[in-house]
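Remarks on the structure that follows.
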Amino acid sequence: MTDIPKVYSPETIEPSWAERWAAQELYRATGDPARRRFSLAIPPPNVTGSLHIGHMLEHTEIDILMRWHRMRGEDVLWLPGMDHASIATQMIVEREIGREALPALEGPDAMRRWQMEGQRLRLEMGREKFLERCWQWKEESGGTIRKQLVRLGASVDWSRERFTMDADYSRSVVEVFVRLYEEGLIYRGDYVVNWCPRCQTAVSDLEVVHEERAGHLWFIRYPFEDGSGSITVATTRPETLLGDTAVAVNPKDARYQKAAGRRVILPLMNRAIPVVADEMVDPEFGTGAVKVTPAHDPNDFEIAQRRHLPALRILDEEARMTAEAGPYRGLDRYAAREAVLRDLKAANLLEKTEDYVLSIGACQRCKSIVEPLLSKQWFMKMRPLAGPAIRAVEQGQISITPDHYRKIYLDWMNNIHDWCISRQLWWGHSIPAWTCNGCGELIVAREAPAECRRCRKNAFRQDPDVLDTWFSSGLWPFATLGWPEPTPDLIRFYPNDLMIMGFDILFFWGARMIMLGLKLTKNAPFRKLHIHALVRDAERQKMSKTKGNVIDPLEVTEKYGTDAVRFALAISAAPGTDIAFSTEKIESYRAFANKIWNAARFILMNLEKLPARIRDDLAQALEPKERSFSPAPNSEQLALADRWVFSRLAAVSGEIEAALAEYRFHEAAYLAYHFFWHEFCDWYLEWVKPEITRADSAESLSPAWLNLARAFQASLHLLHPFMPFITEELWHRLPREAADASISLAPFALAAEEALDREAEADFGVLRDLVVTARNAEADAGLQKQKPHARVASEETELIGLFETHRETVLRLAGLGGLEIERGKLPADVSGTVAGARFDFLLVDVRAVDHHAERARLEKEKDKLGEALARAEQQLSNEGFLRRAPREVVEGAERRRAELTDQLRKVAEALERLN
RNA sequence: AGGCCCGUAGCUCAGUCUGGUUAGAGCGCUACCUUGACACGGUAGAGGUCAACGGUUCGAGUCCGUUCGGGCCUACCA
């Protein structure tokens, strides 16, 4: 029986619902062709980490939409999964291995030492063993993420879970590589790439984060070979001079007309190198002459290609000087810089040094300064892929929201560069390329070749590198559905209807998915791409572990309940604006959950008092068979409230749906919040309270009960996408016929559109105004406790009738002892008369009125009204306004003027009486 | 170097695209209320020259321009 606690404790109900939803496979997509489908693939979290608050926002937004679409009767697929996070996972596993080997280490340096030791041990243990460790890690960490998703109530289809390194998925990856290679869109070559000397791998442009740092610009003299003077170059990296193979000047630069074609002696190395002319050189910068180091600078590399200059690699994979650096061999890049500068100074070749702020690139993963390095890598040609991806967005096959991300996407696409896709790592998809041991032939194939097509030998070595993780993630929307096989799922659910992601991976992932999807499936991978906000802390700082301002979703979930956290996120999620998040915010929506709980508690407690037979009838009446509710005819007093609440339900449902359709989560959540708290609870529930708390034993289900139960149930449905747990729980506590059903599979909007009732809303509104006017008057008079008597008068016959009908309700809600209802106006000379637009109101027998406070209040009111009136009059006396403004605006102003004049007059009269 | 976003109540933000009532919300604050769902509550209230200046317009928080302040992104300036 009614053992409903006064305070809602989410922890007592959430975990069990979460498990039941998953265990019952409630969210398994049916594939039922009779229903409209709605599909979305989860942005796969990394197996490396557990979920953070940003994930929770993402999953909240997605889940709201998925639940909403499902409740609209659609066949919804939300496909879950994870990606293998090549570089990040490898780092973590290395560190683990290092930690095991050196358990005694501690202190700030421990991590780094473990990492180095792990890297060494990895090479020692070999590829196979290391990968075993990675898989082991993946099982553990992946399990954690899965548990978190379940706990957060994400309505995903677990039967279709995917991992980017599943066998089927890996086959898709190989297929894509081979196809693109055969088409010439993937190629291998020697280019200057971003090399991370710590991770020991190439990384793509996007994986390099730029940062401004204070540095220097060194001016170095390169003497002409013939001894006639010198040419001065400016550089931020003097140590790379050891690998210079030319000096370049702009051909149009008058200063260097005679220099081009001559030779200079490379300082310290005493090598003669040419001065070449190349357009790329900016005459404005530095001295207008630039040293050319083809193996360590992408620009220089291009110059070298054009001018047929050799490339000398003076730095190795660990950023130490190679044998090419002669006497500097073995030095670290920064030690080498010191040595070079010292020697230049000694040789009097360093002309000057200037302070200079330069932008420096660091590895996104480990923050080491990346080194531009010439090496053999695999690349994907992006221009041919970008064209269709630009058109798809420009022509609307894919819509990107909020709108300004569309422009950012197009801008990036239009300036795209080739993508370095090979990584010198072990954890990931091996590149399906083999080199013949006999003749060196390169063979790219779906499977290991049996014999060389050129020399017929049968010994090969496979390319040791793996693919960038984003290469495989780029296939996510279709590879998860079985592509390239035409599986039923692929046919049914591809292209996806929607993709939601954070801005930080728009280029990494979103753009590449679009390009690859269009290329490989001839289809956009999704029709809509929505970019969600970033969750920041209350001071709008980015959350980070080092700052210690992170909000851990599981922690706050346990403390405040998933529903509260979800709701706090949703109601803060205005498109295009970052979210300032705080536990205070969560607390206020925990209060909302508590409010819902207590409304239910009230209803359920009274429901218990009804005879069992009536409850059975109610259970039947709550089955939404016709998928729409409207108010059952009721007593005159209650009918208005019923009509009103169903009208509001119908209107609010529509507004929420409109907001959700445009990803205005904040608005949708607010609408549900405001309706439930400030309409359903504050007015409807209060209105019908006496009727349902009455203890008499009814023979049959009363319309009051039927309407209340239905309105409450319909409210739960509206709230369910935002607060799945509490709504599911309460929905089940209502009398039900089928115990195994779930609110998540029931219709979203239960109130029928026919329930929209403007007349009921208007009438209810006037009564509400009367109650509020009375409360105001009582508060002003300091009489909240006394239950004073009052008079109300109106010149409208209908209002008189309305007031008469609802006199009892008004008395109760306003806390009045009695109410005279009169036709006409109230005498203006009686102190305390409040004039509304449609009625006058007066407290009678008011003794202790604070005249001073009353006067102050009235003065203020008068000023406010006066200002508003002046504005209206000014507008109406303006001929331009009368001539040009639309009629309804002018009429509105006229009406306002009339109302304000009336109100102002009454306030002035009241003031006069006081004096 | 280019581009984007933001500046509205003490705090966090809606509202600006599509100009037109007396500019809203949540939290916080003040007063009153232990009324039989809820003090994670109820009732009422205080609090804003919408960053500044100029322009367009009958009318600007909303459109345009400039300035100031804050944040972000892209880029091969050696």
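Every value quoted in this text rests on a predicted model; they were computed, and no experiment measured them.
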Side chain of [X] - closest among [options]:
X	options	answer
A:E686	B:A37, B:A25, B:A75	B:A37
A:Y673	B:G26, B:U74, B:C38	B:G26
A:R590	B:G26, B:A25, B:C40	B:C40
A:L685	B:C76, B:A37, B:G42	B:A37
A:H678	B:U57, B:G26, B:C76	B:G26
A:H210	B:C76, B:G42, B:U22	B:C76
A:K595	B:G26, B:U22, B:G41	B:G41
A:A591	B:C38, B:C40, B:G20	B:C40
A:N598	B:G42, B:C73, B:A37	B:A37
A:R775	B:A44, B:G20, B:A25	B:A44

Pair [X]-[Y], side-chain donor/acceptor within less than 3.5 Å:
X	Y	value
A:N598	A:K595	no
A:E351	A:T232	yes
A:T583	A:K585	no
A:N250	A:D278	no
A:D355	A:H216	yes

Under 4.0 Å, counting only non-hydrogen atoms across every strand here, what does [X] touch: a base, just sugar-phosphate, or nothing?
X	result
A:K864	base
A:N299	base
A:W218	nothing
A:P886	base
A:N776	sugar-phosphate
A:R884	base
A:A599	base
A:R871	sugar-phosphate
A:L900	base

Each nucleotide N or O in nucleotides 11-14 of chain B that has a protein N or O under 3.5 Å away: list the pair and distance.
from: B:U12; atom 1: O2'; to: A:K585; atom 2: NZ; distance (Å): 3.2
from: B:C13; atom 1: OP1; to: A:R540; atom 2: NH1; distance (Å): 2.1
from: B:A14; atom 1: OP1; to: A:T577; atom 2: OG1; distance (Å): 2.3

Gap between atoms OH and C1', on A:Y8 and B:A37 respectively (whole Å):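 Value for this atom pair: 16 Å.
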Whole-Å distance separating the CH2 atom of A:W597 from the C1' atom of B:C38: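 Those two atoms, CH2 and C1', are 12 Å apart.
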Watson-Crick or G-U stems of RNA chain B, 3 or more pairs, under 3.5 Å, by first number: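 Detected stem regions: B:1-7 with B:68-74, B:10-13 with B:24-27, B:29-33 with B:41-45, B:51-55 with B:63-67.
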[N] to [M] separation - [atom1] atoms, rounded to the nearest Å:
N	M	atom1	value
B:A44	B:U8	P	29 Å
B:G69	B:G42	C1'	42 Å
B:G70	B:C27	P	32 Å
B:U30	B:A46	P	16 Å
B:C11	B:U16	C1'	22 Å
B:C17	B:C64	C1'	15 Å
B:C63	B:G19	P	9 Å
B:C5	B:G65	P	11 Å

One thing to verify: whether [Y] and [X] come together as a salt bridge, which I'm taking to mean a side-chain N less than 4.0 angstrom from a carboxylate O.
X	Y	result
A:E686	A:K689	yes
A:K864	A:E867	no
A:E239	A:R333	no
A:R895	A:E899	no

5' precedence on RNA chain B between A:V281 and A:Q875 (nearest-nucleotide basis):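 Upstream on the strand: A:Q875.
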Most 5' of A:V772 and A:P283 on RNA chain B, judged by nearest nucleotide: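 The 5'-side residue here is A:V772.
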A:K291: which of A:D300, A:D244, A:T245, A:D297 passes side chain to side chain donor-acceptor pair (under 3.5 Å):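 So the option named by the test is A:D244.
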Centroid-centroid distance, A:Y589 to A:Y673, less than 6.0 Å: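 Yes: the rings meet the under 6.0 Å criterion.
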